[in-house]
Amino acid sequence: MWKMVGVLIYLLALSFMDIRERKVSVAWLAAGAIAVCGFFLYEGTMVGTDGRELITGSLLGAIPGIFMLVVARLTGKAGYGDGLVLILLGISYGYLCSIVIWCLSLFLLSLCSVVLLLCQRVKGSTQMPYLPFLTAAYVCACFFKIG
């Protein structure tokens, strides 16, 4: 439970930063990475999960974030911070939860974009912050206990 609350507070802070400044602080990303290392060590030693299973799940969970980083590098249509935050979530929660959160966040982003385009509130070239949708997808995944 404390892990969910901590991640939610972290994502909310990053979402507000993404909305206001259109970028994510490196210090916040570093703090998230340190926290993920702490979760990783805790789960590996205290919970007693198999080390190979934990490492495999974490590496597979990072795949959506790595994909976002590749998209950011090749097209510039995504931010590096978005991919890094998704990698941190994937390492924390594993493959299934990471894929669900990623797909749901992209769905919510596209749904909001279509509504805003139909209402003529934005143009096709308007950039939208991604992290608020990632946060909403995380809340949905926690609510429905996915992953």
Side-chain angles (χ1 to χ4, degrees), residues 1-44 52-147:
M1 179 67 170
W2 58 272
K3 181 178 174 181
M4 278 193 311
V5 172
V7 171
L8 179 61
I9 292 169
Y10 179 72
L11 287 175
L12 286 172
L14 291 178
S15 294
F16 286 120
M17 194 179 309
D18 195 20
I19 290 169
R20 295 187 85 205
E21 301 171 16
R22 298 279 196 230
K23 60 183 176 180
V24 179
S25 167
V26 174
W28 277 87
L29 290 173
I34 291 169
V36 166
C37 288
F39 289 140
F40 193 77
L41 290 173
Y42 172 76
E43 289 178 0
R52 285 174 280 156
E53 182 181 315
L54 184 63
I55 291 171
T56 303
S58 295
L59 290 177
L60 288 175
I63 290 174
I66 293 169
F67 182 78
M68 289 282 284
L69 287 177
V70 169
V71 168
R73 176 74 175 131
L74 294 178
T75 66
K77 300 292 182 184
Y80 290 108
D82 302 334
L84 292 173
V85 171
L86 197 52
I87 286 174
L88 293 176
L89 271 178
I91 290 172
S92 297
Y93 285 99
Y95 181 70
L96 177 64
C97 192
S98 177
I99 291 289
V100 168
I101 290 172
W102 181 50
C103 291
L104 185 57
S105 67
L106 292 176
F107 172 75
L108 292 172
L109 177 64
S110 63
L111 185 66
C112 183
S113 299
V114 167
V115 169
L116 289 173
L117 281 169
L118 289 175
C119 294
Q120 298 179 347
R121 301 282 297 182
V122 297
K123 297 178 182 171
S125 61
T126 303
Q127 293 181 347
M128 295 184 64
Y130 172 71
L131 291 179
F133 297 99
L134 185 66
T135 304
Y138 176 76
V139 169
C140 291
C142 289
F143 183 74
F144 291 110
K145 303 204 185 315
I146 299 170

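All values derive from a computational prediction rather than experimental measurement.
When all heavy atoms are compared, the tightest approach of Ala78 to Val71 is CB-CG1, 4.2 Å. Nearest heavy-atom pair across Leu88 and Ala33 is CD2-CA, 3.7 Å. Leu104 approaches Cys140 most closely through the heavy-atom pair CD2-CB, 3.5 Å. When all heavy atoms of Leu109 and Met128 are compared, the closest pair comes out as CD1-CB, 4.1 Å. The nearest pair of heavy atoms linking Pro129 to Ile19 is CG-CG1, 4.1 Å. Scanning both residues, Leu60 and Tyr95, for their nearest heavy atoms gives O-CD1, 3.2 Å.
Applying the 6.0 Å contact sphere to NZ of Lys23 captures no more than 12 heavy atoms from other residues, nucleotides or ligands. Within a 6.0 Å radius of CZ in Arg22, more than 12 heavy atoms belonging to other residues, nucleotides or ligands are found.
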- Task: Begin from the C-alpha positions of Val85 and Leu11 and carry the test side-chain contact (heavy atoms from CB on, under 4.5 Å) through to its verdict.
- Result: CA-CA 9 Å; Val85 171; Leu11 287 175; 3.7 Å; yes
- Evaluation steps, side-chain contact (heavy atoms from CB on, under 4.5 Å), between Leu69 and Ile87: CA-CA 9 Å; Leu69 287 177; Ile87 286 174; 3.5 Å; yes
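Of the candidates Leu8, Ile9, Val7, Ile9 is the only one forming a side-chain contact (heavy atoms from CB on, under 4.5 Å) with Val5.
Here the OH-CE distance, from Tyr93 to Met4, works out to 6.5 Å after rounding to the nearest 0.5 Å. One distance of note links CD1 of Ile63 with CD1 of Ile99; it measures 7.0 Å at 0.5 Å rounding. Atoms CG and CD1, from Leu96 and Ile101 in turn, are 9.5 Å apart once rounded to the nearest 0.5 Å. Atom CZ of Phe107 sits about 11.5 Å away from atom SG of Cys112, to the nearest 0.5 Å. Here CG of Leu29 is found 5.0 Å from OH of Tyr10. Values are rounded to the nearest 0.5 Å. The structure places CG of Leu86 at 5.0 Å from OG of Ser98, a figure rounded to the nearest 0.5 Å.
Side chain of Ser15 to main chain of Leu131: a donor-acceptor pair is present (N/O by atom type, distance under 3.5 Å, no hydrogens or angles). A donor-acceptor pair under 3.5 Å links the side-chain atoms of Asp18 to the main chain of Tyr130, judged by distance alone.
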